[in-house]
Every structure is written in C-alpha cells, then in structure tokens.
Amino acid sequence: MRRLFRRLVPLVAAIAALTAVPTASAAQDAPSRQPAGHRQFAVGPQYDSTHVYVEPGTEQAFVHSWVATFGGTTIGPNATQVTPTPSRTLSELVLSPVGTLSVFDYTTPVPSPFGTERTGWLVTDLDQAVRAARADGAAVTVAPFADPIGRDAVVQFPGGVSAQLYVHTTPPSYPGLASVPENRLYLSPDAVGAFLRSYLAFTQGRVVSDDRRADGAAIGLPGTTYRLLRLTSGFGTTTIAVMDGHLPYPFGRELTGYGVPDLGATLERAKAAGASVLWGPVAAGGRQSAVVRFPGGYVAEVHTDR
C-alpha cells in the first residue's frame, strides 16, 4: 500500500497542475481576461474624427469650403443636444478622403469642458475603454453619458490632450481614407514623457520616428531645430512637436494635418472656396506644407510628402 501511495501522489499532483493552468490557446481565446489597458479599442482611422467647433452661423460655409477643397460627403446638419447638460448645436458629419470631421455650430453657450477635446474616437467597448484610459494614466473629465445615437465620454491624457470616446447604438460604416490624417500636438519637454507613457499604453501605439533635430521651418521657425516624434496606432497617426512654447502664429492652433497628392492644387481649391493660407507653402523635413484657415475659423495643416 505504501508503494502504491508513493506512486499515486506524483500522478495526482501532475493532473492538478494540468487542470489548474490553462493552455496557451485557451488564454488567447479569452481576450476579456486580459488587463483592460492591453486591449485594442480602436476600430479604424476613418471613424476617428477631428472635432471642429465653428464660429456661430458658419457651419454651412465651412462644410462647403472643405468639400470643395478635398471632396467627400456629409451627413446632416441636425439640430441636437450632444452634451450631458442642456445645450443645442447644429451637428454635421463630414466624410472626406483625407479624414472625418464632426462639425459643431452651437446656438447656445458650449458647456465646459466641451470644445477642448481634439478628436472623437470610436471604440469597441466604451466602459472598458474608460477603465483602461484611467488605468493608463488619463483622467476621465466627462463620465460616460448617452447621446441621441450612442454613448460618449471624454478623457484627458497627461499634457492636457483630450479625446472623446464614443460608441453608436447602430455600428457605423464609413469608407476608407485616401490618406490618414495626423493628430498634431505641441508639448513641453516636461510633459512629453508622461504623455507618451499614457497615450501609447492606451492606444497600443508605437513610436515610428524620433528626430531630435527636425527642421524648425516646418513650424514657422527657420534656422532652428526641435524634437519631432511620429506615432502610429489603430487610432491613426500622431505627430508631437516638443517645444518651449515660443511658437509663431498660427502654429499650435492647427489640430490636424492632412496629406494630399498635390499641395499647390489643393491650396488653389481652398482659396477659391473661401479659405486663406496663413503660412507657407514651405519645404522642410521631407514634405511641403502650409497652414490654412477655413471659413468658420478651423485651422489645418496641409502637406505633400516628397
């Protein structure tokens, strides 16, 4: 009996170990067991819109100018409430080959902190995305709330960069983009480290390049250099200019950069449609770029990579 017992103990221990540890394939088939911050919440860059708050009464002028410049289609405008507290805005969605825009023309004062968020990101699961953002070091500045077609929340990454997260009750279907727009950020050396840790963890992104001697001509400072980072993730592309805050107008006012095949032709269409060129075109850093102000006050960078 003692010999039999000695043989059974290792066998029982081995069986227990096998049943207690899931196989690799079983773990891979259960993504919900992964920590929230390690999930990929992005759906696609065509679902990530720049939030454009135009001057009151200029929504149609802006949309017509944008579509005449870049092409595309629109959904709206609709008079609606898109904030958790009382407000009213004309809201229009612009689907253009160079990026999606959510346009807001408020007929009431804009409730704080709305108007400070740069982008709206469609996510696969709003509640889990909010938890992940908080775990990755972002602040939830607007808790989840219902809007007419889904749910939203606003998060702020270190450095003061805010994004609205959203889901739709009926999942949207937008066409792919001819070029993926870039979220353009200007951060101080003091803020960039904490921002990168939080932003890259949440977006599951990576650094594509880190040029510590980028040509300052690209941001209105010829004869100088600055640090330029380029990031990519499922939410699209992001460029970060690490700066001391000594920026000439209009740099730092542009939220997004848009890639086009022919910068000169694009600028001519923009001017014919009521936009004005605030800077450039200038050649620097492997691209030609300009900064354009559209009717309603929206400022954008437009570029052609060489």
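In this structure, the side chains of Asn183 and Leu185 come closer than 4.5 Å at one or more pairs of heavy atoms. Counting heavy atoms from C-beta outward, Leu177 and Pro45 have side chains that approach closer than 4.5 Å. Contact of the Leu229 side chain with the Val242 side chain is registered, since non-hydrogen atoms from C-beta on lie closer than 4.5 Å. In this structure, Phe202 and Phe235 have side chains that are in contact, with non-hydrogen atoms separated by less than 4.5 Å. Side-chain atoms of Ser233 and Arg206, non-hydrogen and from C-beta on, never get closer than 4.5 Å to each other. In this structure the side chain of Thr100 never reaches within 4.5 angstrom of the side chain of Asp48, judged on heavy atoms.
A distance of 9.5 Å separates CD of Glu55 from CG of Asp105, quoted to the nearest 0.5 Å. Atom NZ of Lys271 and atom OG1 of Thr266 lie 11.5 Å apart (nearest 0.5 Å). Separating the CG atom in Asp305 from the CZ atom in Arg287 is a distance of 4.5 Å, to the nearest 0.5 Å. Rounded to the nearest 0.5 angstrom, Asp152 CG and Thr83 OG1 are separated by 10.0 Å.
The two residues Ser96 and Gly71 come nearest to each other via the heavy atoms CB-O, 3.3 Å. For Pro281 against Ala290, the heavy-atom pair with the smallest separation is CA-CB, 4.1 Å.
Under a 4.5 Å side-chain heavy-atom criterion applied to ILVMFWY residues, the cluster that includes Phe251 comprises Tyr186, Ile219, Leu221, Tyr226, Leu228, Met243, Leu247, Tyr249, Leu278, Trp279, Val282, Val291, Val299 as well. Grouping Ile, Leu, Val, Met, Phe, Trp and Tyr residues whose side-chain heavy atoms lie under 4.5 Å apart, directly or via other members, places Val103 in a hydrophobic cluster with Val52, Val54, Phe62, Val63, Trp66, Val67, Phe70, Val94, Val98, Leu101, Leu255, Tyr258, Val260, Leu263, Leu267, Val277, Val292, Phe294, Tyr298, Val302.
The backbone N or O of Asp136 lies less than 3.5 Å from a partner atom in the side chain of Ser198, making a donor-acceptor pair. Arg269 contributes a side-chain N or O that, together with a main-chain N or O of Thr69, makes up a donor-acceptor pair within less than 3.5 Å. Put simply, the side chain of Glu182 never gets that close to the backbone of Arg184: no donor and acceptor are under 3.5 Å apart.
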Output, in order, the C-alpha distance, side-chain angles, deciding distance and verdict of side-chain contact (heavy atoms from CB on, under 4.5 Å) for His303 and Gln288.
CA-CA 5 Å; His303 61 265; Gln288 277 195 315; over 6 Å; no
As a quick check of understanding, evaluate salt bridge (Lys or Arg N to Asp or Glu O under 4.0 Å) for Asp211 and Arg227, giving each step before the final call.
CA-CA 6 Å; Asp211 184 356; Arg227 183 183 179 189; over 6 Å; no
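If you check the side chains of Thr80 and Ser91, you find no donor sitting under 3.5 Å from an acceptor. Between the side chains of Arg88 and Gln81, no donor-acceptor pair is found at a separation under 3.5 Å. In the model, Ser162 has a side-chain atom that pairs as donor or acceptor with a side-chain atom of Gln156 under 3.5 Å.
Aromatic ring pairs are classed by plane angle as parallel below 30°, tilted from 30° to 60° and perpendicular above 60°; the pair Phe195 and Phe157 is perpendicular.
For Ser102, the side-chain contact (heavy atoms from CB on, under 4.5 Å) partners at least two apart in sequence or on another chain are Ser49, His51, Leu93, Phe104.
Counting non-hydrogen atoms of neighbouring residues, nucleotides and ligands closer than 6.0 angstrom, the CZ atom of Arg253 reaches no more than 12 such neighbours.
When hydrophobic clusters are built by joining Ile, Leu, Val, Met, Phe, Trp and Tyr residues whose side-chain heavy atoms come closer than 4.5 Å, directly or via intermediates, Phe114 is not grouped with Val140.
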